Enquirer: 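One structure is given below, represented as structure tokens, and several questions about it will come after.
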Protein chains: 2
Amino acid sequence: MAGRETNPNFMNGVPELLILRLLQQEEMYGYEIVQAIRSRTDAVVAVGEGVVYPVLHALEHDGALTSRRKTVNGRSRIYYSVTPAGSRRLSELSETWANLASAIHKMLTGGQHGEAIS
Amino acid sequence: MAGRETNPNFMNGVPELLILRLLQQEEMYGYEIVQAIRSRTDAVVAVGEGVVYPVLHALEHDGALTSRRKTVNGRSRIYYSVTPAGSRRLSELSETWANLASAIHKMLTGGQHGEAIS
DNA sequence: CCATGATACCTCGAACTGCAAGGTATAGAA
DNA sequence: TTCTATACCTTGCAGTTCGAGGTATCATGG
């Protein structure tokens with residue numbers, strides 16, 4: 001929340017959005033997230049570990065996520081969950097994305113200028 | 001130009017896409033494009049001149065656009081039109097965008113994991 | 001006649017994101 | 001024991017976009 005409002009770039013934050021969305025449905029760990037995004041989008045979106053881990057850390061630092069260690073099969077994993085603040089963040093990002101996608105879609109499919117819907 | 005297939009940032013190229021789309025519908029000049037994008041998207045997307053002019057020059061350099069000077073009301077304008085190559089480029093970018101938007105939409109609205117559509 | 005604002009072009013440096021590539025470490029299979 | 005998969009992490013690079021600035025013309029108003 002306090003964090004950063006530095007960036008008016010309209011296209012960014014998609015990895016963050018997808019990660020929050022996944023974690024809201026289900027507690028997950030970094031390595032798993034990388035594969036989940038790849039598989040659920042049929043590799044249309046493929047964010048690597050170099051993207052996911054920094055995002056997880058930043059989100060946790062901002063209080064949008066909490067983590068807990070868990071050892072499974074002798075493997076140490078860090079599971080992340082969405083906090084209420086993270087849930088709000090997800091809502092904001094979702095809406096921003098929806099607006100953007102809608103605006104672009106209109107431009108790509110719409111007619112000349114302000115179409116008269118008669 | 002022909003070579004691609006690297007794994008470039010999956011989110012970029014939207015200004016290029018919108019510019020090509022506008023120009024395919026209608027010959028336009030830079031300053032006009034800036035305002036057209038802003039007004040047709042209700043300012044959801046607002047690319048500045050610092051984005052538009054370099055993109056126009058790059059596209060022309062790549063053979064995707066042609067330009068012609070025209071003086072209107074004593075004002076010199078540079079009108080751009082889409083070439084066949086530019087038209088192909090637009091098709092590619094459109095499809096890429098459609099795939100991306102669709103994949104993200106599924107992730108945002110879909111249920112847990114890969115549900116079988118029986 | 002000059003100041004201001006809109007039009008119309010342009011470029012540069014900064015900022016940001018996302019990516020590939022590398023590094024560590026454990027577990028299980030070959 | 002070596003290789004692959006799992007699981008974590010950081011760093012430097014590359015490519016985009018943004019903001020701020022610069023030039024010049026035209027119309028309007030004081």
Side-chain angles (χ1 to χ4, degrees), chain A residues 3-19 27-39 41 43-61 65 67-80 93 96-97 100 104, chain B residues 1 3-19 27-39 43 45-62 65 67-80 93 96-97 100 104:
Chain A
R4 28 33 183 204
E5 289 297 322
T6 39
N7 179 11
N9 189 337
F10 64 95
M11 282 307 295
N12 299 327
V14 170
E16 191 180 323
L17 169 61
L18 296 182
I19 289 169
E27 197 185 40
M28 287 177 98
Y29 56 98
Y31 191 83
E32 189 185 8
I33 292 172
V34 171
Q35 300 170 117
I37 292 178
R38 184 185 291 264
S39 86
T41 64
V44 170
V45 181
V47 290
E49 303 179 25
V51 174
V52 168
Y53 287 117
V55 169
L56 288 174
H57 300 156
L59 284 173
E60 184 176 26
H61 180 267
L65 297 179
S67 64
R68 67 189 181 99
R69 303 195 91 87
K70 208 162 109 182
T71 299
V72 179
N73 296 335
R75 290 242 164 62
S76 179
R77 298 173 178 170
I78 303 176
Y79 281 86
Y80 291 88
L93 290 177
T96 300
W97 172 259
L100 178 66
I104 292 175
Chain B
M1 50 165 85
R4 353 145 298 136
E5 209 50 71
T6 35
N7 205 7
N9 190 343
F10 64 95
M11 286 303 298
N12 296 329
V14 170
E16 190 180 324
L17 170 61
L18 297 182
I19 289 169
E27 197 184 40
M28 287 177 99
Y29 55 98
Y31 192 82
E32 189 184 9
I33 292 173
V34 171
Q35 299 171 115
I37 291 179
R38 183 185 298 260
S39 86
V45 181
V47 290
E49 302 179 25
V51 174
V52 168
Y53 286 117
V55 169
L56 288 173
H57 299 156
L59 284 173
E60 183 175 26
H61 180 267
D62 285 0
L65 298 179
S67 65
R68 66 192 183 97
R69 302 196 90 88
K70 210 163 109 182
T71 298
V72 179
N73 296 335
R75 290 243 163 59
S76 180
R77 297 174 178 170
I78 304 176
Y79 281 86
Y80 291 88
L93 289 177
T96 298
W97 172 260
L100 179 65
I104 292 175

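No experiment lies behind these values; they were computed from the predicted model shown. Here is how names work: the chains are called A, B, and so on, in the same order as the sequence lines, proteins then strands, and each is numbered from 1.
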Enquirer: From A:Ile37 CD1 over to A:Glu32 CD, what is the distance, rounded to the nearest 0.5 angstrom?
Expert: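 Result: 11.0 Å between the selected atoms.
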Enquirer: Between atom NE2 in B:His61 and atom P in C:dT11, what is the gap in whole Å?
Expert: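 Computing the B:His61:NE2 to C:dT11:P distance gives 13 Å.
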Enquirer: May I have the distance from B:Glu60 (atom CD) to C:dC10 (atom C1'), rounded to whole angstrom?
Expert: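 Atom-to-atom, B:Glu60 to C:dC10, this comes out as 14 Å.
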Enquirer: Round to the nearest Å and state the distance from A:Asn12 atom CG to D:dT17 atom P.
Expert: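 Whole-Å distance recorded here is 9 Å.
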Enquirer: Could you grab the distance from atom NE2 of B:His57 to atom CD1 of B:Ile78, nearest 0.5 Å is fine?
Expert: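 B:His57 NE2 to B:Ile78 CD1: 6.5 Å, rounded to 0.5 Å.
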Enquirer: Separation of B:Leu17 atom CG from D:dT16 atom P, in whole Å?
Expert: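 Rounded to whole Å, this separation is 14 Å.
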Enquirer: Calculate the interatomic distance between B:Arg38 atom CZ and C:dT7 atom C1'; express it in whole Å.
Expert: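 After rounding, the reported distance stands at 15 Å.
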Enquirer: Taking atom CD1 of A:Ile19 and atom CD1 of A:Ile33, what is their separation to the nearest 0.5 Å?
Expert: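 Here the rounded value is 5.5 Å.
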Enquirer: Could you tell me the separation between the CH2 atom of B:Trp97 and the CG atom of B:Leu17, rounded to the nearest 0.5 Å?
Expert: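 It is 8.0 Å, given to the nearest 0.5 Å.
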Enquirer: Check this for me: does any side-chain nitrogen of one of A:Arg68 and A:Glu27 sit under 4.0 Å from a carboxylate oxygen of the other?
Expert: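 Yes, this pair counts.
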Enquirer: Could you state the CD1-C1' distance from B:Ile19 to D:dT16, rounded to the nearest angstrom?
Expert: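 Going from B:Ile19 (CD1) to D:dT16 (C1'), I get 13 Å.
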Enquirer: Show the numbers, then the answer: is there a side-chain contact (heavy atoms from CB on, under 4.5 Å) between A:Leu18 and A:Val47?
Expert: CA-CA 10 Å; A:Leu18 296 182; A:Val47 290; over 6 Å; no
Enquirer: CD1 of B:Ile33 versus P of C:dA8: gap in Å, rounded?
Expert: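 About 12 Å, once rounded to whole Å.
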Enquirer: When every nucleotide of nucleotides 4-14 of chain D is labelled 5' to 3' by its protein contacts under 4.0 Å (heavy atoms), B for base, S for sugar-phosphate only, - for none, what sequence of letters results?
Expert: -BBBBBB----
